[in-house]
J.: 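Shown below is the structure under consideration.
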Amino acid sequence: MGQAPKITIVGSINMDLVTITDQLPKMGETILGQQFQMNPGGKGANQAVASARLGATVQMIGCVGEDMFGKEMLQHLKSEGVDVSHVEQVADQTGTASIIVSNKDNNIIVVPGANNYVTASFVEAKRDAIATSDILIVQLEIPLEGVQKAVEIAKENGVTVILNPAPICDLPADLLMNVDYITPNEHEFTHVTFEGIRAELMEKVILTKGSEGVSYFQDGKELNIPAYTVDVVDTTGAGDSFNAGFAVALGKGLPLEAACQFGNAVAALSTTKLGAQTGMPTDAEVQAFINN
Ligand code: RIB
């Protein structure tokens with residue numbers, strides 16, 4: 001494979017507050033859970049950490065609060081080798097994600113807090129950092145105007161753009177037209193409006209389907225890359241791991257099919273441990289897993 005790509009992530013940084021329970025409470029009910037953990041998370045930060053572990057040169061653009069979580073997240077990202085010189089501390093709370101893990105699945109409520117400060121003007125001030133990247137990855141846990149600005153700057157400068165449309169919201173057609181790849185899961189896919197741009201857009205779609213693998217579309221045909229089978233502990237961050245693996249592989253010059261396969265392997269390994277980032281593998285771990 002080619003050289004380590006320079007990947008910029010414009011996105012969210014959260015502290016994940018994770019409760020593990022074998023049953024879910026009904027509204028108004030109190031139950032006892034099994035375990036509680038606080039883990040670094042946020043779709044942006046997860047993708048940054050996963051990309052760095054895979055050997056990319058990674059810079060993160062985002063915001064944390066002037067609070068304990070903010071300090072911890074900055075320190076953590078630095079310790080993972082992510083350049084945080086474009087992460088600012090703002091007078092708000094760091095984003096949080098309340099995550100319930102039950103029977104190997106999860107549900108999540110994100111309170112964006114400081115992530116809401118990643119506006120168009122904030123991103124514009126980071127223009128040079130985006131313009132000099134090989135790949136930009138964006139998600140939707142920051143204001144849409146921030147995402148749009150980042151994509152616009154990338155497009156103007158020939159930077160490859162991956163849009164991970166999570167959590168899904170209404171997306172303007174010009175944003176969709178400006179990205180190179182859009183990586184929805186099946187739920188998000190049903191919400192993307194294809195009106196008038198279906199043919200052009202479908203060629204950009206990389207559809208992630210969990211245990212069914214990943215599909216891409218060529219000449220109107222769906223091509224599937226099956227998932228790897230592993231013992232799943234927690235799927236939180238699997239999508240982020242796929243996006244990072246896909247980005248790093250593309251950045252190293254792999255063709256689309258191989259990039260999807262590599263992303264699948266990274267995602268599979270990430271699900272074998274509890275927590276979004278805990279199971280995210282290094283490049284050597286992915287190579288060993290694929291060879292086996
Ligand atoms: O994709 C997983 C992430 O979604 C979690 O880490 C949580 O922070 C939410 O943003």
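Counting starts at 1 for both ligands and their atoms, following the listed order. Residues take their numbers from the sequence shown, with the count starting at 1.
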J.: For ligand 1, which atoms, with element, lie under 4.0 Å from some heavy atom of Ala97?
T.: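 Heavy-atom distances to Ala97 below 4.0 Å select 7 (C), 8 (O).
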
J.: Applying the 4.5 Å side-chain criterion to the ILVMFWY set and letting contacts propagate, would Ile182 and Leu175 be lumped into a single cluster?
T.: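 Same hydrophobic cluster.
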
J.: Suppose I only count heavy atoms of Asn14 and a 4.0 Å limit; which atoms of ligand 1 are within that range?
T.: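 Those atoms are 8 (O), 10 (O).
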
J.: Which heavy atom of the protein is the closest neighbour of atom 10 (O) of ligand 1, given with residue, atom name and distance?
T.: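 Atom 10 (O) of ligand 1 sits closest to the protein heavy atom Glu141 OE2, 2.6 Å.
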
J.: Which residue supplies the protein heavy atom nearest to atom 5 (C) of ligand 1, what is that atom called, and how far is it?
T.: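 I find the closest protein heavy atom is Asp16 OD2, 3.4 Å.
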
J.: Which bit of Asn46 gets closer than 4.0 Å to ligand 1, counting heavy atoms only: side chain, backbone, both or neither?
T.: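 The answer is the side chain of Asn46.
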
J.: For Thr236 and ligand 1, does the shortest N/O to N/O distance drop below 3.5 Å?
T.: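 N/O-N/O distance under 3.5 Å: no.
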
J.: Report, in ascending order of atom number, the atoms of ligand 1 lying under 4.0 Å from any heavy atom of Ala276.
T.: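 Near Ala276, the atoms of ligand 1 are 6 (O).
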
J.: Check whether any N or O atom of Asp240, backbone or side chain, sits under 3.5 Å from an N or O atom of ligand 1, and answer yes or no.
T.: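 Between Asp240 and ligand 1, an N or O pair is found under 3.5 Å apart.
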
J.: Measure the distance from atom 4 (O) of ligand 1 to every protein heavy atom, then report the residue, atom name and distance (to 0.1 Å) of the closest one.
T.: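 Nearest protein contact, heavy atoms only, for atom 4 (O) of ligand 1 is Lys43 NZ, 3.2 Å.
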
J.: Is there a ring pair (Phe, Tyr, Trp, His ring centres under 6.0 Å) between Tyr117 and Phe122? Walk through the geometry before answering.
T.: CA-CA 7 Å; Tyr117 292 68; Phe122 179 90; 8.8 Å; no

J.: Can you pull the salt bridge (Lys or Arg N to Asp or Glu O under 4.0 Å) pairs that have at least one residue in residues 66-79, sequence neighbours excluded?
T.: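 Applying salt bridge (Lys or Arg N to Asp or Glu O under 4.0 Å) to every pair that reaches into residues 66-79, excluding sequence neighbours, yields nothing.
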
J.: So, Lys149 and Glu124, do they make that salt bridge, N to O below 4.0 Å?
T.: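 Looking at Glu124 together with Lys149, the answer is yes, because their closest N to O distance falls below 4.0 Å.
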
J.: With a 6.0 Å cut-off (strictly less than), is the heavy-atom count around CG of Leu32, excluding the residue itself, greater than 12?
T.: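 No.
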
J.: Under 4.0 Å from a heavy atom of Gly42: give me the atoms of ligand 1 that qualify, with their elements.
T.: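 So the answer, numbered in order with elements, is 5 (C), 6 (O), 7 (C), 8 (O), 10 (O).
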
J.: Can a non-hydrogen atom of Gly239 be found less than 4.0 Å from any atom of ligand 1?
T.: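 So Gly239 does not count as touching ligand 1.
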
J.: State which residues pass side chain to side chain donor-acceptor pair (under 3.5 Å) with Lys126; sequence neighbours excluded, sorted by chain then number.
T.: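 Checked Lys126 against side chain to side chain donor-acceptor pair (under 3.5 Å); matches are Glu88.
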
J.: Tell me if the centroids of the rings in Phe246 and Tyr181 come within less than 6.0 Å of each other.
T.: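 Between Tyr181 and Phe246, which both carry aromatic rings, the centre distance is below 6.0 Å.
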
J.: Mind checking whether Ile162 and Val82 sit in one hydrophobic cluster, side chains of I, L, V, M, F, W, Y counted as touching below 4.5 Å?
T.: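 Hydrophobic grouping puts Ile162 with Val82.
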
J.: Suppose I only count heavy atoms of Gly41 and a 4.0 Å limit; which atoms of ligand 1 are within that range?
T.: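 Heavy-atom distances to Gly41 below 4.0 Å select 6 (O), 8 (O).
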
